Amino acid sequence: METKKYSSYAQIDRELEILKIEKEINYQKLVFGLKKTKESFTPQNIVSDLLGTYSSAAAASNPYGAIINTAVPFILKTAVPFIKNWLSKRKRGD
């Protein structure tokens with residue numbers, strides 16, 4: 001890395017301001033990436049990703065692939081909220 005030479009304090013201040021803005025941009029990118037990653041870790045996404053990988057790898061040997069691909073989204077949208085609700089009621093003692 002080449003050493004920079006400045007001829008005035010204004011140039012130094014300008015460079016510091018640029019670095020400060022670049023730092024903030026990188027921080028916001030990191031926060032956005034973490035938020036997207038957190039949103040992708042839902043039970044529905046995890047199971048559908050696993051099943052998608054399984055169904056694409058075993059599509060030729062699995063005659064029930066169409067049924068699984070149709071039933072899984074329905075089950076996830078219906079059963080997962082039901083189970084979460086049931087578990088939360090058990091924790092409260094209802």
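Reckoned from all heavy atoms, side chains included, excluding hydrogens, waters and symmetry mates. Everything quoted here is computed from the prediction, not taken from an experiment.
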* Kindly indicate whether the side chain of Ile18, heavy atoms from C-beta on, has any atom under 4.5 Å from the side chain of Arg14. => yes
* **Between Glu15 and Gln11: side-chain donor-acceptor atoms closer than 3.5 Å** => no
* If Ile, Leu, Val, Met, Phe, Trp and Tyr residues are connected whenever their side-chain heavy atoms lie under 4.5 Å apart, and connections chain through other members, are Leu16 and Tyr6 in the same group? -> yes
* State, yes or no, whether a side-chain contact exists between Asp13 and Glu17 at a heavy-atom distance under 4.5 Å. => no
* To the nearest 0.5 Å, what is the distance between NZ (Lys84) and CG (Leu87)? -> 10.0 Å
